[in-house]
Amino acid sequence: MLNLVLFGPPGAGKGTQAILLAKTFNLVHLSTGDLLRHEIAAKTELGRIAGELIDKGELVSDEIVISMIESRLKKPRCTIGFIFDGFPRTVAQAKALDKLLTKHHSKVSVMLCLAVDKGELVNRLLKRGLTSGRCDDLEAATIEHRIDVYNEKTLPIINYYESQGKYFPIPGVGTIEEITENLTSVVKTIYDKPIISHSHK
Ligand code: ADP
């Protein structure tokens with residue numbers, strides 16, 4: 001299987017690139033942020049708990065996000081693999097993902113890390129906040145807090161994957177196409193099977 005972890009700070013462009021990579025390599029896109037926003041929209045109890053934390057720029061508990069991923073991995077589907085977007089976000093989540101994939105006789109193939117500096121991230125998120133309807137994108141203070149949480153709780157994951165030889169940093173600045181091209185060429189170095197095209201051109 002081909003399992004990609006798309007990693008990077010809030011506003012690095014993970015969502016945009018994950019959709020494109022999922023199409024190129026025929027992967028199932030799993031975004032914990034999207035899954036949580038679905039729960040919020042559906043007004044579930046889980047959504048209520050998650051929504052309060054998300055609005056403050058805090059992480060949702062490992063337990064909640066791990067069980068969401070677990071149930072998605074259990075669904076039978078015809079795919080060559082998954083692209084994880086916004087997950088894992090803590091070392092505990094990274095370890096849990098390894099365990100879950102092992103159960104499915106699989107593993108993380110590569111961790112692609114989009115690098116973008118803090119000033120650019122804040123600008124992008126404030127801009128996104130004008131149209132996204134996301135409360136966590138509205139205020140500079142919340143955005144800065146999310147970046148601090150990322151630096152404190154999420155960045156240590158890099159060591160976890162680096163020690164396994166799976167860490168690939170990619171600049172997250174440039175055009176969307178250039179970034180996709182860079183990400184795709186890393187994936188191709190580890191996955192040399194023919195690529196299934198979904199182009200309707
Ligand atoms: P971004 O990367 O732009 O911040 P996401 O959609 O990935 O956006 O996540 C939005 C929010 O959802 C996060 O700030 C966090 O509160 C919550 N969240 C998403 N994924 C996770 C996760 N794996 N662990 C904990 N919280 C998460």
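Order of appearance sets the numbers: ligands from 1, and atoms from 1 within every ligand. For reference, positions follow the sequence shown, starting with 1.
Between Ile54 and ligand 1, no pair of N/O atoms sits closer than 3.5 Å. Between Ser31 and ligand 1, no N or O atom pair is found at a separation short of 3.5 Å. Annotation: Arg37 places an N or O atom under 3.5 Å from an N or O atom of ligand 1; distance criterion only. Polar contact check, Val60 against ligand 1: a nitrogen or oxygen pair lies under 3.5 Å apart. Taking distance alone, with nitrogen or oxygen atoms compared against 3.5 Å, Asp34 stays at or beyond that limit from ligand 1.
A salt bridge links Asp137 to Arg128: one of the charged nitrogens lies within less than 4.0 Å of a carboxylate oxygen. Using a 4.0 Å cut-off between a side-chain N of Lys or Arg and a carboxylate O of Asp or Glu, Asp34 and Arg37 qualify as a salt bridge.
Closest non-hydrogen pair, Leu36 versus Ala50, comes out as CD2-CB, 3.8 Å. Of all heavy-atom pairs spanning Cys135 and Asp55, the tightest one is CB-OD1, 3.5 Å.
At least one heavy atom of Val65 sits under 4.0 Å from some atom of ligand 1.
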Which is it for Phe87 and Phe82 under the ring-ring contact (aromatic ring centres under 6.0 Å, His included) test, yes or no, and what are the steps along the way? CA-CA 12 Å; Phe87 180 87; Phe82 294 87; over 10 Å; no
Could you walk me through whether Asn3 and Ser106 pass the side-chain hydrogen bond (donor to acceptor under 3.5 Å, both in side chains) test, one step at a time? CA-CA 8 Å; Asn3 294 308; Ser106 193; 2.8 Å; yes
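Hydrophobic clustering (ILVMFWY, side-chain heavy atoms < 4.5 Å, transitive): Val91 and Tyr150 are in one cluster.
Within a 6.0 Å radius of CD in Glu120, other residues, nucleotides and ligands contribute more than 12 heavy atoms.
Here the heavy atom of the protein found nearest to atom 24 (N) of ligand 1 is Gln93 NE2, 2.9 Å. The nearest heavy-atom contact from the protein to atom 20 (N) of ligand 1 is Thr32 OG1, 2.8 Å. Here the protein heavy atom with the shortest distance to atom 15 (C) of ligand 1 is Glu58 O, 3.7 Å. Given atom 10 (C) of ligand 1, the protein heavy atom at minimum distance is Arg134 NH2, 3.5 Å.
Between Thr90 and Asp62, the side chains place a donor N or O and an acceptor N or O closer than 3.5 Å (distance only, hydrogens not considered).
Within ligand 1, the atoms closer than 4.0 Å to a non-hydrogen atom of Lys14 are 2 (O), numbered from 1 in the order shown. Of all the atoms in ligand 1, the ones that sit under 4.0 Å from a non-hydrogen atom of Gly86 are 20 (N), 21 (C), 22 (C), 23 (N). Residue Gly11 approaches ligand 1 through these ligand atoms, each under 4.0 Å from one of its heavy atoms: 3 (O).
Between Ser109 and the options Leu2, Leu101, Val187, a side chain to side chain contact (heavy atoms under 4.5 Å, CB included) holds for only Leu2.
By heavy-atom distance, the residue among Ile69, Leu121, Leu36 lying nearest atom 18 (N) of ligand 1 is Leu36. Between Arg128, His145, Arg146, Arg89, it is Arg89 that holds the heavy atom closest to atom 9 (O) of ligand 1.
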